[in-house]
Amino acid sequence: MASHDDGDGWDLLARLGRLDPKLVVIGALALFLAVLLLPPLLGALLIVLIAVALAALLTKTWPLLPGSQRALRLGVIVALLVVAASKLL
């Protein structure tokens, strides 16, 4: 298993873990509102970017997650991609 100080993304995860939860909720709400208010193409692109960012984070935490958590997180990413596709229709 990789060391947590080798600079391969664990430092980013540590920084994310130290974020103020209130700011995280406000940021998530801002992204949600942006997706709703932007034109469909831009909203879909923003959703895809969020899904890609979540997938990148998932690659770092994958070895530490039990199977049920892996399935749930993959399901969230797939659901985001489905929402992005439906936004274009």
Are [X] and [Y] linked, directly or through other ILVMFWY residues, by side chains that come within less than 4.5 angstrom of each other?
X: Val82; Y: Leu58; answer: no
X: Leu74; Y: Ile50; answer: yes
X: Leu81; Y: Val35; answer: yes
X: Val76; Y: Phe32; answer: no
X: Val78; Y: Leu80; answer: no

For this session: Answer whether the closest heavy-atom distance between the side chains of Leu57 and Leu16 falls below 4.5 Å.
Result: yes
For this session: Check whether any side-chain heavy atom of Arg73 sits under 4.5 Å from a side-chain heavy atom of Leu54, and report yes or no.
Result: no
Straight-line distance of [X] [atom1] to [Y] [atom2], nearest 0.5 Å:
X: Leu33; Y: Leu38; atom1: CG; atom2: CG; answer: 10.0 Å
X: Lys87; Y: Ile47; atom1: NZ; atom2: CD1; answer: 6.0 Å
X: Leu88; Y: Leu45; atom1: CG; atom2: CG; answer: 9.5 Å
X: Leu31; Y: Ile26; atom1: CG; atom2: CD1; answer: 12.5 Å

For this session: Looking only at non-hydrogen atoms, find the nearest pair between Val48 and Ala84 and report the distance.
Result: CG2-CB, 3.8 Å
Problem set entry | Taking every non-hydrogen atom, the tightest pair across Ala56 and Thr59 | O-OG1, 2.6 Å
